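Working notes for the structure below.
First listed ligand is number 1; within each ligand, the first listed atom is number 1. Note: hydrogens, waters and symmetry copies are ignored here, and every other heavy atom, side chains too, is used. It should be emphasised that the depicted structure is a prediction, and the values quoted were computed from it without experimental measurement.
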Amino acid sequence: MDTLTLTRPDDWHLHLRDGPVLEHVVPWSAERFGRAIVMPNLIPPVVTTEQARAYRDRILAATPADSGFQPLMTLYLTDNTTPAEIERAAACGWVHAVKLYPAGATTNSDSGVTDIARCADALDAMAEQGLGLCIHGEVTRPETDIFDREKLFLHERLAPLLERHPRLRVVLEHLTTADAVDFVRQGPERLGATITPQHLLLNRNALLAGGIRPHHYCLPILKRERDREALVEAAVSGHPRFFLGTDSAPHARGAKESACGCAGVFSAPLAIELYAEVFDEAGALARLEEFAALHGADFYGLPRNPDTITLERAPRSVPDQLPYATETIIPMRAGGTVAWRLKSANPAP
Ligand code: NCD
Ligand code: ZN
(Lines give C-alpha, C1' and ligand atoms only; values in the text may rest on other atoms or scores of the structure.)
(Ligands and ions follow the chains in the order given, each with its own letter.)
Protein backbone atom coordinates (compact mmCIF):
# COMPACT_ATOMS: atom_id res chain seq x y z
CA MET A 1 0.00 0.00 0.00
CA ASP A 2 1.87 3.09 -1.24
CA THR A 3 -1.03 5.50 -1.19
CA LEU A 4 -3.67 5.82 1.45
CA THR A 5 -6.93 7.73 1.10
CA LEU A 6 -8.75 8.44 4.32
CA THR A 7 -11.61 10.58 5.62
CA ARG A 8 -10.15 14.02 6.24
CA PRO A 9 -8.67 13.93 9.75
CA ASP A 10 -9.25 16.41 12.59
CA ASP A 11 -6.79 17.66 15.19
CA TRP A 12 -8.38 17.49 18.64
CA HIS A 13 -5.64 19.53 20.37
CA LEU A 14 -3.88 22.43 18.64
CA HIS A 15 -2.14 25.69 19.58
CA LEU A 16 -2.35 28.41 16.92
CA ARG A 17 -1.21 31.45 18.99
CA ASP A 18 -2.36 34.92 17.92
CA GLY A 19 -1.40 38.04 15.97
CA PRO A 20 0.99 38.11 13.00
CA VAL A 21 2.14 34.49 13.47
CA LEU A 22 -1.36 33.16 12.71
CA GLU A 23 -0.80 33.38 8.97
CA HIS A 24 2.40 31.32 9.35
CA VAL A 25 0.78 28.68 11.53
CA VAL A 26 -2.86 28.17 10.50
CA PRO A 27 -2.30 27.15 6.82
CA TRP A 28 -0.27 24.05 7.81
CA SER A 29 -3.17 22.66 9.81
CA ALA A 30 -5.79 23.85 7.32
CA GLU A 31 -4.04 21.94 4.52
CA ARG A 32 -4.27 18.64 6.40
CA PHE A 33 -7.14 18.75 8.86
CA GLY A 34 -10.84 19.51 8.54
CA ARG A 35 -11.23 20.87 12.04
CA ALA A 36 -9.14 21.51 15.12
CA ILE A 37 -9.85 22.06 18.79
CA VAL A 38 -7.98 25.33 19.36
CA MET A 39 -6.35 25.79 22.75
CA PRO A 40 -7.15 29.00 24.70
CA ASN A 41 -3.79 29.60 26.45
CA LEU A 42 -3.13 33.02 24.94
CA ILE A 43 -1.91 35.97 26.99
CA PRO A 44 -4.40 36.96 28.33
CA PRO A 45 -6.23 33.60 28.18
CA VAL A 46 -9.51 33.12 26.31
CA VAL A 47 -11.92 33.04 29.24
CA THR A 48 -15.15 34.37 27.73
CA THR A 49 -17.31 33.42 24.76
CA GLU A 50 -16.84 36.97 23.49
CA GLN A 51 -13.04 36.60 23.52
CA ALA A 52 -13.39 33.23 21.79
CA ARG A 53 -15.54 34.83 19.08
CA ALA A 54 -12.93 37.51 18.38
CA TYR A 55 -10.09 34.94 18.40
CA ARG A 56 -12.04 32.69 16.04
CA ASP A 57 -12.48 35.63 13.63
CA ARG A 58 -8.72 36.28 13.64
CA ILE A 59 -8.04 32.59 12.94
CA LEU A 60 -10.56 32.54 10.08
CA ALA A 61 -8.91 35.65 8.60
CA ALA A 62 -5.64 33.67 8.48
CA THR A 63 -7.30 30.52 7.04
CA PRO A 64 -6.86 29.86 3.30
CA ALA A 65 -10.34 30.42 1.85
CA ASP A 66 -10.57 27.17 -0.13
CA SER A 67 -9.44 24.92 2.73
CA GLY A 68 -12.79 24.63 4.49
CA PHE A 69 -10.87 24.40 7.78
CA GLN A 70 -13.00 25.03 10.88
CA PRO A 71 -11.49 26.14 14.19
CA LEU A 72 -13.44 24.63 17.10
CA MET A 73 -12.99 27.02 19.98
CA THR A 74 -12.38 26.38 23.68
CA LEU A 75 -12.63 28.46 26.85
CA TYR A 76 -9.89 28.55 29.47
CA LEU A 77 -11.27 27.39 32.80
CA THR A 78 -10.33 29.50 35.82
CA ASP A 79 -11.34 29.44 39.49
CA ASN A 80 -13.81 32.19 38.53
CA THR A 81 -15.55 30.73 35.47
CA THR A 82 -19.29 31.12 36.05
CA PRO A 83 -22.15 28.80 35.06
CA ALA A 84 -23.58 31.76 33.09
CA GLU A 85 -20.41 31.93 30.98
CA ILE A 86 -20.65 28.19 30.35
CA GLU A 87 -24.26 28.63 29.21
CA ARG A 88 -23.21 31.39 26.79
CA ALA A 89 -20.43 29.20 25.43
CA ALA A 90 -22.71 26.22 24.93
CA ALA A 91 -25.37 28.37 23.23
CA CYS A 92 -23.06 29.99 20.66
CA GLY A 93 -22.53 26.75 18.74
CA TRP A 94 -18.81 27.15 18.02
CA VAL A 95 -17.28 26.65 21.46
CA HIS A 96 -16.78 22.90 21.73
CA ALA A 97 -14.90 22.39 24.98
CA VAL A 98 -13.42 24.01 28.07
CA LYS A 99 -9.76 23.52 28.93
CA LEU A 100 -8.48 22.81 32.43
CA TYR A 101 -4.87 23.77 33.06
CA PRO A 102 -3.77 23.16 36.62
CA ALA A 103 -2.18 26.53 37.56
CA GLY A 104 1.50 26.54 36.64
CA ALA A 105 1.45 23.24 34.74
CA THR A 106 2.67 24.50 31.36
CA THR A 107 3.04 27.41 28.90
CA ASN A 108 0.74 30.33 29.83
CA SER A 109 -1.09 28.49 32.60
CA ASP A 110 -0.69 31.08 35.37
CA SER A 111 -4.42 31.83 35.31
CA GLY A 112 -5.21 28.12 35.56
CA VAL A 113 -7.22 26.31 38.19
CA THR A 114 -5.72 26.26 41.69
CA ASP A 115 -8.25 23.77 43.12
CA ILE A 116 -10.70 21.80 40.98
CA ALA A 117 -13.27 22.00 43.78
CA ARG A 118 -13.57 25.74 43.07
CA CYS A 119 -14.89 24.91 39.59
CA ALA A 120 -17.64 22.55 40.73
CA ASP A 121 -20.49 24.84 39.60
CA ALA A 122 -18.92 25.49 36.21
CA LEU A 123 -18.31 21.75 35.74
CA ASP A 124 -21.91 20.97 36.66
CA ALA A 125 -23.06 23.53 34.11
CA MET A 126 -20.82 21.92 31.48
CA ALA A 127 -22.27 18.49 32.16
CA GLU A 128 -25.76 19.99 31.98
CA GLN A 129 -25.02 21.74 28.65
CA GLY A 130 -23.08 18.85 27.12
CA LEU A 131 -19.84 20.85 26.90
CA GLY A 132 -16.76 18.65 27.35
CA LEU A 133 -13.70 19.26 29.54
CA CYS A 134 -10.18 18.92 28.06
CA ILE A 135 -7.55 18.34 30.73
CA HIS A 136 -3.82 18.94 30.96
CA GLY A 137 -3.30 16.04 33.33
CA GLU A 138 -0.30 16.79 35.53
CA VAL A 139 0.00 17.62 39.21
CA THR A 140 1.89 20.85 39.73
CA ARG A 141 3.52 20.53 43.14
CA PRO A 142 7.04 21.86 42.54
CA GLU A 143 8.53 19.05 44.65
CA THR A 144 6.94 16.34 42.49
CA ASP A 145 9.36 14.81 40.01
CA ILE A 146 8.50 15.99 36.51
CA PHE A 147 8.43 12.40 35.19
CA ASP A 148 5.77 11.42 37.77
CA ARG A 149 3.40 14.34 37.34
CA GLU A 150 0.99 12.69 34.91
CA LYS A 151 0.84 9.37 36.72
CA LEU A 152 0.03 11.06 40.04
CA PHE A 153 -2.66 13.25 38.47
CA LEU A 154 -4.66 10.18 37.40
CA HIS A 155 -5.59 8.90 40.84
CA GLU A 156 -5.15 12.08 42.88
CA ARG A 157 -7.18 14.40 40.65
CA LEU A 158 -8.82 12.76 37.66
CA ALA A 159 -10.51 9.81 39.37
CA PRO A 160 -12.21 12.04 42.01
CA LEU A 161 -13.21 14.55 39.31
CA LEU A 162 -14.88 11.82 37.23
CA GLU A 163 -16.64 10.57 40.33
CA ARG A 164 -17.88 14.00 41.43
CA HIS A 165 -19.21 14.86 37.96
CA PRO A 166 -20.75 11.63 36.68
CA ARG A 167 -22.17 13.13 33.49
CA LEU A 168 -19.21 15.28 32.44
CA ARG A 169 -17.46 14.32 29.19
CA VAL A 170 -13.68 14.48 29.65
CA VAL A 171 -10.70 14.32 27.29
CA LEU A 172 -7.37 13.59 28.94
CA GLU A 173 -4.97 15.41 26.63
CA HIS A 174 -1.59 14.35 25.30
CA LEU A 175 -1.10 10.99 27.06
CA THR A 176 2.54 10.22 27.82
CA THR A 177 2.57 7.14 30.06
CA ALA A 178 1.51 3.50 30.08
CA ASP A 179 -0.32 4.38 33.33
CA ALA A 180 -2.48 6.94 31.52
CA VAL A 181 -3.26 4.44 28.75
CA ASP A 182 -4.44 1.91 31.36
CA PHE A 183 -6.45 4.56 33.19
CA VAL A 184 -8.31 5.55 30.02
CA ARG A 185 -8.95 1.95 28.99
CA GLN A 186 -10.46 1.22 32.40
CA GLY A 187 -12.33 4.53 32.54
CA PRO A 188 -15.95 5.25 31.65
CA GLU A 189 -17.27 5.71 28.10
CA ARG A 190 -17.28 9.48 28.63
CA LEU A 191 -13.49 9.55 29.06
CA GLY A 192 -11.46 10.00 25.86
CA ALA A 193 -7.80 10.79 25.23
CA THR A 194 -5.54 12.36 22.63
CA ILE A 195 -2.03 11.25 21.67
CA THR A 196 0.62 13.46 19.99
CA PRO A 197 3.06 12.47 17.24
CA GLN A 198 6.10 13.23 19.40
CA HIS A 199 4.95 10.92 22.20
CA LEU A 200 4.36 8.15 19.63
CA LEU A 201 7.74 8.62 17.94
CA LEU A 202 10.17 9.68 20.68
CA ASN A 203 11.23 8.75 24.18
CA ARG A 204 13.19 10.88 26.63
CA ASN A 205 16.53 9.88 25.10
CA ALA A 206 15.54 12.01 22.10
CA LEU A 207 15.45 14.95 24.51
CA LEU A 208 18.44 14.25 26.73
CA ALA A 209 20.91 11.70 25.31
CA GLY A 210 23.99 12.94 23.45
CA GLY A 211 23.12 16.61 24.03
CA ILE A 212 20.00 18.49 25.07
CA ARG A 213 17.46 18.93 22.25
CA PRO A 214 15.24 21.86 23.10
CA HIS A 215 12.95 21.24 20.14
CA HIS A 216 11.94 17.92 21.71
CA TYR A 217 11.04 19.60 25.00
CA CYS A 218 7.30 19.62 25.55
CA LEU A 219 4.88 19.06 28.41
CA PRO A 220 4.02 16.56 29.61
CA ILE A 221 7.67 15.64 29.11
CA LEU A 222 8.72 12.66 26.94
CA LYS A 223 8.84 9.46 28.98
CA ARG A 224 10.44 6.00 28.75
CA GLU A 225 10.50 3.67 25.76
CA ARG A 226 8.00 1.33 27.43
CA ASP A 227 5.59 4.27 27.73
CA ARG A 228 6.04 5.13 24.06
CA GLU A 229 5.31 1.52 23.16
CA ALA A 230 2.12 1.54 25.24
CA LEU A 231 0.99 4.72 23.48
CA VAL A 232 1.58 3.21 20.03
CA GLU A 233 -0.32 0.11 21.06
CA ALA A 234 -3.26 2.24 22.23
CA ALA A 235 -3.28 4.42 19.10
CA VAL A 236 -3.28 1.49 16.66
CA SER A 237 -5.59 -0.69 18.76
CA GLY A 238 -8.82 0.58 17.24
CA HIS A 239 -10.09 1.47 20.74
CA PRO A 240 -12.63 4.25 20.06
CA ARG A 241 -11.61 6.52 22.94
CA PHE A 242 -8.05 7.16 21.73
CA PHE A 243 -7.75 9.78 19.01
CA LEU A 244 -5.46 12.26 17.26
CA GLY A 245 -4.43 15.50 18.95
CA THR A 246 -1.11 16.92 17.82
CA ASP A 247 -0.55 19.48 20.59
CA SER A 248 1.44 21.32 17.91
CA ALA A 249 2.71 24.22 20.02
CA PRO A 250 4.69 26.85 18.10
CA HIS A 251 7.37 28.93 19.83
CA ALA A 252 9.92 31.10 18.00
CA ARG A 253 13.38 29.58 17.65
CA GLY A 254 14.90 31.98 20.19
CA ALA A 255 12.32 31.08 22.83
CA LYS A 256 13.19 27.38 22.49
CA GLU A 257 16.98 27.67 22.16
CA SER A 258 17.44 29.47 25.43
CA ALA A 259 18.76 29.02 28.98
CA CYS A 260 15.11 28.57 30.00
CA GLY A 261 13.40 27.26 26.87
CA CYS A 262 9.65 27.08 26.30
CA ALA A 263 7.78 23.77 26.16
CA GLY A 264 6.16 22.79 22.88
CA VAL A 265 6.87 20.84 19.67
CA PHE A 266 5.78 22.38 16.36
CA SER A 267 4.47 19.44 14.32
CA ALA A 268 1.68 21.09 12.28
CA PRO A 269 3.62 21.18 8.96
CA LEU A 270 3.96 17.38 8.89
CA ALA A 271 1.51 16.12 11.47
CA ILE A 272 -0.63 13.58 9.62
CA GLU A 273 2.49 12.38 7.79
CA LEU A 274 4.17 11.61 11.14
CA TYR A 275 1.14 9.66 12.35
CA ALA A 276 1.19 7.72 9.05
CA GLU A 277 4.80 6.74 9.80
CA VAL A 278 3.81 5.45 13.24
CA PHE A 279 0.91 3.38 11.94
CA ASP A 280 2.95 2.10 8.99
CA GLU A 281 5.80 1.06 11.29
CA ALA A 282 3.28 -0.78 13.50
CA GLY A 283 1.79 -2.57 10.48
CA ALA A 284 -1.52 -0.84 11.17
CA LEU A 285 -1.99 1.65 8.32
CA ALA A 286 -5.57 0.46 7.85
CA ARG A 287 -6.32 1.74 11.37
CA LEU A 288 -5.01 5.29 10.79
CA GLU A 289 -8.37 6.55 9.57
CA GLU A 290 -10.24 5.52 12.72
CA PHE A 291 -7.70 7.17 15.00
CA ALA A 292 -7.22 10.30 12.91
CA ALA A 293 -10.67 10.95 11.48
CA LEU A 294 -13.45 8.92 13.12
CA HIS A 295 -12.98 8.38 16.86
CA GLY A 296 -12.58 12.05 17.77
CA ALA A 297 -15.59 13.26 15.79
CA ASP A 298 -17.71 10.48 17.29
CA PHE A 299 -16.53 11.28 20.82
CA TYR A 300 -17.31 14.99 20.40
CA GLY A 301 -20.70 14.12 18.85
CA LEU A 302 -19.83 15.90 15.59
CA PRO A 303 -20.35 14.62 12.04
CA ARG A 304 -17.40 12.93 10.40
CA ASN A 305 -15.80 14.98 7.62
CA PRO A 306 -17.34 14.34 4.18
CA ASP A 307 -14.08 14.84 2.24
CA THR A 308 -10.85 12.83 2.10
CA ILE A 309 -7.10 13.27 1.88
CA THR A 310 -4.60 11.06 0.10
CA LEU A 311 -1.18 10.27 1.56
CA GLU A 312 1.67 8.77 -0.41
CA ARG A 313 4.61 6.73 0.86
CA ALA A 314 7.36 8.93 -0.58
CA PRO A 315 10.06 10.62 1.48
CA ARG A 316 9.92 14.39 1.82
CA SER A 317 12.65 16.55 3.32
CA VAL A 318 11.64 18.76 6.19
CA PRO A 319 13.01 22.34 6.05
CA ASP A 320 15.62 23.42 8.63
CA GLN A 321 13.36 26.26 9.68
CA LEU A 322 10.22 28.11 8.65
CA PRO A 323 9.11 31.75 8.78
CA TYR A 324 7.31 32.87 11.95
CA ALA A 325 6.34 36.52 11.56
CA THR A 326 9.60 38.45 12.12
CA GLU A 327 11.34 35.35 13.54
CA THR A 328 11.82 31.72 12.54
CA ILE A 329 10.49 28.46 13.91
CA ILE A 330 11.95 24.96 13.92
CA PRO A 331 9.45 22.24 12.98
CA MET A 332 9.65 18.70 14.30
CA ARG A 333 12.11 16.60 12.21
CA ALA A 334 13.79 19.82 10.93
CA GLY A 335 16.50 19.00 8.39
CA GLY A 336 15.40 15.36 8.26
CA THR A 337 12.93 13.43 6.16
CA VAL A 338 9.43 12.12 6.73
CA ALA A 339 8.45 8.86 5.04
CA TRP A 340 4.95 9.95 3.94
CA ARG A 341 3.71 12.99 2.11
CA LEU A 342 0.34 14.62 1.64
CA LYS A 343 -0.55 13.98 -2.00
CA SER A 344 -3.93 15.63 -2.26
CA ALA A 345 -6.97 16.89 -0.44
CA ASN A 346 -10.08 15.60 -2.20
CA PRO A 347 -13.46 17.34 -2.13
CA ALA A 348 -16.54 15.53 -0.84
CA PRO A 349 -18.19 13.40 -3.56
C1 NCD B 1 1.89 23.94 25.11
C2 NCD B 1 2.08 25.39 24.66
O3 NCD B 1 3.22 25.75 24.31
O4 NCD B 1 1.12 26.14 24.63
N5 NCD B 1 3.18 23.35 25.34
C6 NCD B 1 3.47 22.02 25.37
O7 NCD B 1 4.62 21.67 25.68
N8 NCD B 1 2.58 21.11 25.08
C9 NCD B 1 1.03 23.89 26.30
C10 NCD B 1 0.53 22.52 26.64
O11 NCD B 1 -0.29 21.94 25.94
O12 NCD B 1 0.99 21.97 27.66
ZN1 ZN C 1 -1.29 21.73 24.37
- For ligand 1, the portion of H251 having any non-hydrogen atom under 4.0 Å away: side chain
- Message: What I want to know is whether C218 and ligand 1 share at least one N or O pair that is separated by under 3.5 angstrom.
- Response: no
- What orientation do H155 and F183 show, parallel under 30°, tilted 30 to 60°, or perpendicular over 60°? perpendicular
- Task: Report, in ascending order of atom number, the atoms of ligand 1 lying under 4.0 Å from any heavy atom of A249.
- Result: 1 (C), 2 (C), 3 (O), 5 (N)
- Item | Single hit among T5, T7, T308 for side-chain hydrogen bond (donor to acceptor under 3.5 Å, both in side chains) with E289 | T7
- Query: Side chain or backbone of N41 under 4.0 Å from ligand 1, or both, or neither, by non-hydrogen atoms?
  - Reply: side chain
- Message: Taking distance alone, with N or O pairs closer than 3.5 Å, would you say D247 contacts ligand 1?
- Response: yes
- Query: Which residue owns the protein heavy atom closest to atom 9 (C) of ligand 1, what's the atom, and how far is it?
  - Reply: T106 OG1, 3.3 Å
- Cationic N near anionic O, under 4.0 Å, E327 to R253: no
- For ligand 1, the portion of R17 having any non-hydrogen atom under 4.0 Å away: side chain
- Run the numbers for me: atoms of ligand 1, each under 4.0 Å from some heavy atom of G264, listed by number. 5 (N), 6 (C), 7 (O)
- Query: Okay, side chain of S67, backbone of E31: is any donor-acceptor separation there less than 3.5 Å?
  - Reply: no
- Are any of the N/O atoms in A263 less than 3.5 Å from those in ligand 1? yes
- Taking the six-membered ring where the residue is Trp, are the ring centres of F291 and F242 under 6.0 Å apart? no
- Query: Quick one: nearest non-hydrogen protein atom to atom 7 (O) of ligand 1, plus distance?
  - Reply: L219 N, 2.8 Å
- With the Zn ion (ligand 2) at the center, what angle do NE2 from H15 and NE2 from H13 span, rounded to 10 degrees? 110°
- Message: Under 4.0 Å, heavy-atom basis, I'd like to know which part of H136 is in contact with ligand 1: side chain, backbone, both or neither.
- Response: side chain
- Query: H15 to ligand 1: N or O pair under 3.5 Å?
  - Reply: yes
- Salt bridge check: are E156 and R141 linked by an N-O gap of less than 4.0 Å? yes
- So, F69 versus F33, ring centres under 6.0 angstrom or not? no
- Message: K223 vs T176, test: side chain to side chain donor-acceptor pair (under 3.5 Å). Steps then yes/no.
- Response: CA-CA 6 Å; K223 303 295 193 307; T176 66; 2.9 Å; yes
- Check: H13 ring centre within less than 6.0 Å of H174 ring centre: yes
- Query: Can you say whether the rings of W12 and F243 are parallel (under 30°), tilted (30 to 60°) or perpendicular (over 60°)?
  - Reply: perpendicular
- Short check: any N/O/S atom of D247 below 2.8 Å from the Zn ion (ligand 2)? yes
- Item | H13 near ligand 1 by a heavy-atom separation under 4.0 Å | yes
- Message: In this structure, does ligand 1 have an atom that sits under 4.0 Å from one of the heavy atoms of M39?
- Response: no
